[in-house]
Participant: 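Sharing a structure here in structure tokens format.
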There are 2 protein chains.
Amino acid sequence: MAKATLKTIARATGYSITTVSRALGGFDDVNEETRRAILDEAYRQGYEPNLQARALQKRRSQTIGLVLPTGGPSFPDPFFAEFLAGIGSETARSGFDLLVSTPSAEISEIDVYRRFVAGGRVDGVILMRSRVDDVRIRFLLERHFPFAVFGRTDLNESYAYIDVDGRAGQAAMTLHLIELGHRRIAYMTPPSTLMFARFRLQGFYEAMAQKGVPVDERLVVECDLSENAGKHRALQLLKLDNPPTAIMTGNDLMAIGVMNAVREMGMRVGRDIAVGGFDDIPAAEHLNPGLTTVRQPIFHIGQQLTLRLLQVIEGEISGEQSTLLAPELILRGSSNHRQHDRPEQEVGTHLETSTDIRKANK
Amino acid sequence: MAKATLKTIARATGYSITTVSRALGGFDDVNEETRRAILDEAYRQGYEPNLQARALQKRRSQTIGLVLPTGGPSFPDPFFAEFLAGIGSETARSGFDLLVSTPSAEISEIDVYRRFVAGGRVDGVILMRSRVDDVRIRFLLERHFPFAVFGRTDLNESYAYIDVDGRAGQAAMTLHLIELGHRRIAYMTPPSTLMFARFRLQGFYEAMAQKGVPVDERLVVECDLSENAGKHRALQLLKLDNPPTAIMTGNDLMAIGVMNAVREMGMRVGRDIAVGGFDDIPAAEHLNPGLTTVRQPIFHIGQQLTLRLLQVIEGEISGEQSTLLAPELILRGSSNHRQHDRPEQEVGTHLETSTDIRKANK
DNA sequence: AGGGACATCCGAAACGTTTCGGATTGCCGA
DNA sequence: TCGGCAATCCGAAACGTTTCGGATGTCCCT
């Protein structure tokens, strides 16, 4: 059996290609009887529309693109799978496909976007890990191409994004540690080209200032997003003459490294040194002691971002809708002085600084 | 500036569409001078070929598909991100894109494949988590559509796959536990529709028989792949009159649940009860104690599978190439009686049963 | 009887690309 | 002088779909 097309169905039923197309398309200018005959024949032949041809004609590919961030040395955040699942759940519901691309040595990141956009490969893209002065976003804005971003930028344009309030999250973590009595608090911040690093760092400074706790600049260090880098940096901190009593990190991977470093120095996490992370990756809960961290509802973000992007594509919203989500502080054993052998019962605290979900229209 | 196409370049340079196409395509029947003129103009206009049109004409989409497994209740294996990264790294190198689809309530899994295949959306697909009497594989074989599978099946056809020798892996784990002195060993096996579950179960039985250790069938239970299910099942096992002294599971997620169950019963993992997992997900190393498990080189598998698929697509291999990889037993604190407070130094042992990488041609 | 309204169908162009099969030159050797 | 060959170029068809602008016929109303 050759490949079924509109033409083969047309020939088999005696109708024209146009009529077959319209029958299959559910238009109302085709007789019920004819439609049935055509549908039957289509089924018999196992017809599936050629999506390339359709996309070519409609100038719509029913596909959205996602380019894996290739920033750091380590591959994507551990919660990447969850993010993808969130995106996937929504694309599936609306009949869209998801095209994933990995920039390589040969093909630069921006070229991937060029291909996606100009090649008509996708109808819109989702970006993650927004950067300072983000070229990708600039490129897309310039072309008026639909997109939605996980994270804010410092660009003076408006577009659709969803972000977690990292400033509030990191501030909450800092306040928590201060309340536990810590004064010498270290903060390991991710590379400053990443927007989220800035907001979190800002939250740290603000909370310290608010409580009048002095910041020792030697305890504020930049660090790559990996476990190894975290361990390395933490060892340096712990070997200072006047080491910190608490170490906060810009993401959980780094925090895991810190915990290892603490152990390697013969100290105990949660008792001798408090550790705080950010993200709440799956492993955070299973560490011993459990990692106190700030949770981001990543699956949900993936979903919402997709929804938002689809609206932009349909032209339903002006592309300026943005949402700032309130993060949630998750307290576990890594920041608990009283008990550390067994992870304490998990406690979720909604921050008072931002109420649930806040919509912001620029 | 309107969209650049072959036509706009042709008009601008005064050459025909054919010549423009051939110049851009690098054919040798176009004058060097003309070619340069055309390339210049193409660059000036920011030309990018329309990939839909190209795909339609060439009947090749330069895209491979991946359908997320939707089998169990829980979302994909934690190492899914790594698998995807492996695939991505190879597709990028060869200029292919990756189309990811998530079956939803509305669109059944097999429909996704139908769309992919008949719709000309992809040139080949990668399957993971092969199943007993796998309909997907049957479908693809029937259509003579290129594909490559992570995992074997019981179908009597030959096709390209890569698998980890789960039988050998589970046997090695079992032998390890027996050597530690365990006699009452429980095994929590994943749903038997999954092929890998069968092989691992088989490895368990064989090792037990080899050492003459009796299997108590009440200690062999089927269990979903999630942490929760693992915990639940483990509690049942531990409450038996004559409970096991060691519990092995078919994947790491279940093992984490087991470890929680053990703790909840007031016993200590690695001391009172040995626990063994399978997969070596990232979290396994960070548990306390660390989880003894069997490692699968998942990134590498993603890469190789992609390479294999591309060869099948190019028609370079007959589609019958298959590889069985030797798993690696990773010993950590969860199966160590002597020491459990701190995870012991990680030890990797290559199994003697299968040498490095073994090629099998059916 | 004429006209309009409606139901049903179709031809042809278009989306942007590739490619087959020539067509047009200019030049060389015999 | 002419056949032939190489170097360049191009027209047109094809890939499979959607859609615009009718075409045809039927029936009813006045």
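Letters A, B, ... are given to chains in the order of the sequence lines, protein chains preceding strands, and every chain is numbered from 1.
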Participant: Taking only the side-chain heavy atoms of B:Q57 (C-beta and beyond), determine which of D:dT18, C:dG16, C:dC15 contains the nearest atom.
Facilitator: C:dG16
Participant: Check the phosphate of C:dT18 against B:T18, side-chain N and O only, distance under 4.0 Å to OP1 or OP2. Yes or no?
Facilitator: no
Participant: Between C:dT8 atom P and A:D28 atom CG, what is the distance in whole Å?
Facilitator: 9 Å
Participant: Under 3.5 Å, is there a donor-acceptor pair between the A:T63 and A:D97 side chains?
Facilitator: no
Participant: Pick the nucleotide of DNA chain C nearest each of B:A4 and A:D29; which residue has the one closer to the 5' end?
Facilitator: A:D29
Participant: If you measure from the Lys or Arg side-chain nitrogens to the Asp or Glu carboxylate oxygens, is any gap between A:E33 and A:R36 under 4.0 Å?
Facilitator: no
Participant: Using atom CZ of A:R11 as one end and atom P of D:dG16 as the other, report the distance to the nearest whole Å.
Facilitator: 11 Å
Participant: Does B:S21 place a side-chain N or O at less than 4.0 Å from the phosphate oxygens OP1/OP2 of C:dT18?
Facilitator: yes
Participant: Does a side-chain N-to-carboxylate-O contact under 4.0 Å join A:E314 and A:R60?
Facilitator: yes
Participant: I need the NZ-P distance between A:K58 and D:dT17, as an integer number of Å.
Facilitator: 12 Å
Participant: From the set C:dT17, D:dC15, D:dT18, return the single nucleotide nearest to any side-chain atom of B:N50.
Facilitator: C:dT17
Participant: When the distance from CZ of A:R54 to C1' of D:dT19 is rounded to whole Å, what number comes out?
Facilitator: 14 Å
Participant: Between B:F83, B:F196, B:Y161, which is the residue that forms a ring pair (Phe, Tyr, Trp, His ring centres under 6.0 Å) with B:F150?
Facilitator: B:F83
Participant: Any salt bridge between A:E109 and A:R136, counting N to O under 4.0 Å?
Facilitator: yes
Participant: What is the separation between atom CG on A:L56 and atom C1' on C:dA14, rounded to the nearest whole Å?
Facilitator: 9 Å
Participant: Find the distance A:I17:CD1 to C:dA13:C1' and express it as a whole number of Å.
Facilitator: 13 Å
Participant: How many Å lie between OH on A:Y47 and C1' on D:dT17, as a whole number?
Facilitator: 7 Å
Participant: Report the distance from atom CZ of B:R59 to atom C1' of D:dT17, rounded to the nearest whole Å.
Facilitator: 14 Å
Participant: Give a yes/no answer on whether the side chain of B:T19 brings an N or O atom under 4.0 Å of OP1 or OP2 in D:dC9.
Facilitator: no
Participant: Nearest to the B:N31 side chain among D:dT17, C:dT17, D:dC9, which nucleotide is it?
Facilitator: D:dC9
